[in-house]
**Q** 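Shown below is the structure under consideration.
Just so you know, these numbers come straight off a predicted model, no measurement behind them. Note that these values count all heavy atoms, side chains included, but never hydrogens, waters or copies made by symmetry. Chain identifiers are assigned alphabetically (A, B, ...) following the order of the sequence lines, protein sequences preceding nucleic acid strands; residue numbering begins at 1 within each chain.
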Amino acid sequence: MREEPLERLASNAVKVWRIQGIVTSLVLFALSLPIAYMGWRFIHLITGILLLLIVLILGCFLIFIFPPLRYRRFRYQVHEEEIDILKGVWFTKRILIPMVKVQHVDTGQGPLLRRFRLANVTIHTAASMHEIPALETEKAEALRDQIAALARVKEDAEDDTDP
Amino acid sequence: MTQTLNKVENRFSGPRRLHPFALFYLIGKNVKEFGFAFLPIIFGVVQKGNFLYLLFLLAGIALFLLFWSILSYLRYRYWITGEGLRIEQGVLFHKKRYIPLSRIQGVELEQNMLHRLIGLVKVRIDTAGTGLDNMKGEGTLSAVTKEEGELLKELLSPSLEVKEGPAYDEAASLWSWKLSFQRLLIAGATSGNIGVFIAFFFTIYNLFDQLLPWDQWYTEIFTFLAREYHSLAAIFFGLVLLFFISWIFSILGTILLYAGFTIRKEGEKIIIERGLFSRYTTTLSIRRIQSVHFVEGMLRLPFSYGTLRVDVSGYAMKGAGETVLAPLLTREEVEPFLRTFLPQFAGKWDGERKPLSPKGWIEAALFVWLPWSLLLILITFALYQFLNRFRFLTSLSFLPLSIIPLFPLATYFYLKDGGWRSEGHFVIFRFRRRFARYTYIVPQQRIQTMTLSQSPIGRLLHTANLTAAIASYKVVTVPLRYMKEEEASLLFSMRSYPNH
């Protein structure tokens with residue numbers, strides 16, 4: 001097996017994901033309340049309670065369990081020839097993006113990420129989009145420029161063989 | 001030759017209008033676009049019930065649409081400038097477009113019946129860009145004369161030869177292949193292409209809706225069967241009828257798309273002509289082909305027939321969904337066909353493949369059979385409760401359970417047929433997807449990204465799934481499940497970039 005990539009995300013990522021988890025859980029809870037009420041009125045009290053219980057468990061996962069696992073799993077590394085990403089909590093995924101295929105790279109941050117001075121790096125190829133989430137802003141920007149530079153060099157090298 | 005080309009280019013060097021026939025297209029388009037806006041007014045007048053008003057109103061609307069269409073016809077101009085095609089259009093909002101030659105992936109000429117009568121063509125220009133920044137259909141010239149269309153195709157086609165070198169002479173087009181009528185019929189009968197025929201079916205149905213009392217016939221037969229035999233018999237009859245009609249229409253649909261299918265090769269270009277009423281001409285640059293795949297549909301597998309297709313970045317044949325090189329070939333013909341038309345893909349497709357891991361059985365059982373079976377049992381339960389309430393066809397609710405035995409069967413075929421091979425700078429994947437068997441030949445340098453994924457069980461059993469993403473008209477993924485871990489990771493990290 002090819003050796004695993006080394007770089008990790010910013011440690012603040014866990015906090016950000018937790019906050020996102022809290023928001024998602026609250027929204028889910030709010031949405032499920034009327035449905036649970038209807039389940040209680042029209043079917044049985046148990047249906048309503050069951051539904052809320054499921055939402056509660058899901059919320060626990062989103063807030064307490066997934067963020068640290070996701071952080072621990074996610075690794076990336078930018079080589080001269082390719083970008084290597086490892087991710088996934090339950091199903092693991094290893095992605096290899098050859099530099100020659102990179103079409104453009106963006107960085108982006110929502111209000112939450114901005115508060116924690118973090119940003120996402122998004123890598124686009126002709127067939128796919130890949131994200132390295134939650135890096136320190138400066139690091140993300142440097143990474144973006146680095147990938148863009150490497151991709152450009154590669155493109156010049158094989159201009160004719162690939163549209 | 002260069003001189004004539006220059007002359008030709010001069011012809012398109014200033015703003016030009018479409019053939020006046022395009023006016024009909026614009027009227028049609030405007031009726032579609034503005035029609036809805038007028039509907040409320042029309043309804044309002046109809047409710048008042050004054051016939052004269054309605055007449056005036058309709059005449060007014062028709063006049064407006066005609067006037068508007070003439071204006072948009074006059075505003076629509078196109079010409080070739082510098083290194084691309086420029087199109088300006090729009091009555092109120094002026095739209096200016098510039099399509100650089102470098103972004104053009106293919107030029108397709110299309111003729112429907114009316115076009116053919118008047119000697120016109122429609123020019124469809126396909127541009128680069130996949131799902132992410134899609135600008136498809138942005139360059140369509142709805143009607144130009146046939147001669148102009150062919151010149152435009154020459155000038156805009158994505159190939160360097162057209163611009164500089166001598167134009168091909170007829171003798172150079174040595175290789176061509178034609179789909180025989182018999183094959184066309186077989187292709188139709190075995191296509192199993194639900195999408196094509198459902199659309200076709202509804203068009204015909206709507207067309208004859210007023211003329212023939214379908215509903216009445218159907219209701220009469222249905223009630224007769226239900227009364228005389230059993231309601232299940234009536235439902236069965238309905239299903240068989242639907243299947244049969246769909247099947248007939250799928251044959252007609254295939255004939256419509258692929259009648260007179262010919263493919264020929266001219267230097268670095270492949271030219272495909274097809275279609276019964278609307279003739280389509282497609283020019284592909286071989287350089288842009290990302291992969292070749294042979295698809296053997298469920299109905300074709302026993303007869304060793306299949307369809308040979310290619311992925312071309314940012315392009316798909318109209319109506320076909322993908323780009324078809326040969327609508328129907330036998331397995332044995334694939335190799336000679338490739339040797340003729342795409343020699344770089346030849347000698348790869350039929351070698352021995354490395355098998356998948358037999359541990360795939362365990363993984364499939366846990367991650368496919370188990371969850372889907374549970375879901376089906378749940379559906380059965382809900383259906384039973386529902387039907388039981390009306391005391392109607394309760395036995396029917398057990399139907400979903402009959403799908404469950406199909407899961408092991410699907411896994412059996414997947415593991416039996418699936419496999420991979422790496423040959424030089426090519427990867428060959430064979431797998432099953434939706435009952436059809438796919439064999440992909442992908443040059444490694446055309447793979448956009450490779451993804452290696454493992455389920456928790458896969459990590460224990462050392463099995464892995466490998467997915468290659470290819471740039472086609474949309475994102476195409478070529479997945480191979482249940483590979484042996486060491487083989488998958490070997491293939492995953494194999495690098496063969498051209499500068500290596």
**Q** For A:T92 versus B:R459, what's the shortest heavy-atom pair and its separation?
**A**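 Residues A:T92 and B:R459, closest heavy atoms: CG2-NH1, 2.5 Å.
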
**Q** Might you point out which heavy atoms bring A:F91 and B:S455 nearest each other, and give the distance in Å?
**A**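 That would be CE2-CB, 3.1 Å.
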
**Q** Might you point out which heavy atoms bring B:R446 and A:K101 nearest each other, and give the distance in Å?
**A**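 Residues B:R446 and A:K101, closest heavy atoms: CA-NZ, 4.0 Å.
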
**Q** From A:K87 NZ over to B:T451 OG1, what is the distance, rounded to the nearest 0.5 angstrom?
**A**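 Going from NZ on A:K87 over to OG1 on B:T451, the span is 8.5 Å.
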
**Q** What do you reckon, is CZ of A:F116 surrounded by more than 12 foreign heavy atoms closer than 6.0 Å?
**A**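 More than 12 heavy atoms, drawn from other residues, nucleotides or ligands, come within 6.0 Å of this atom.
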
**Q** Is the number of heavy atoms from other residues, nucleotides or ligands under 6.0 Å of A:Y71 OH greater than 12?
**A**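 Result for OH/A:Y71: enclosed.
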
**Q** Give the minimum heavy-atom separation between B:F492 and A:L96, together with the two atoms involved.
**A**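 Closest approach of B:F492 to A:L96: O-CD2, 3.3 Å.
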
**Q** Give a yes or no on this: more than 12 heavy atoms of other residues, nucleotides or ligands lie within 6.0 Å of atom NZ of A:K139.
**A**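 Enclosed.
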
**Q** Look at atom CH2 of A:W40 and say whether more than 12 heavy atoms of other residues, nucleotides or ligands are closer to it than 6.0 Å.
**A**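 No, because the 6.0 Å sphere around CH2 of A:W40 holds 12 heavy atoms or fewer from other groups.
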
**Q** Would you give the length of the straight line joining atom CD1 of A:I97 to atom CE of B:M450, rounded to the nearest 0.5 angstrom?
**A**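 Taking CD1 in A:I97 and CE in B:M450, the distance rounds to 13.5 Å.
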
**Q** Just verifying a value: how many Å separate B:N465 CG and A:K93 NZ, rounded to the nearest 0.5 Å?
**A**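 The distance works out to 10.0 Å.
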
**Q** Please say whether more than 12 non-hydrogen atoms of neighbouring residues, nucleotides or ligands are located less than 6.0 Å from CD1 in A:I46.
**A**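 For A:I46, atom CD1 is not crowded (no more than 12 foreign heavy atoms under 6.0 Å).
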
**Q** For B:I447, is it the side chain, the backbone, both, or neither that has a heavy atom closer than 4.5 Å to a heavy atom of chain A?
**A**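 When you check distances to chain A, only backbone atoms of B:I447 fall under 4.5 Å.
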
**Q** Is the CZ atom of A:R8 crowded by more than 12 outside heavy atoms at less than 6.0 Å?
**A**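 Yes, enclosed.
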
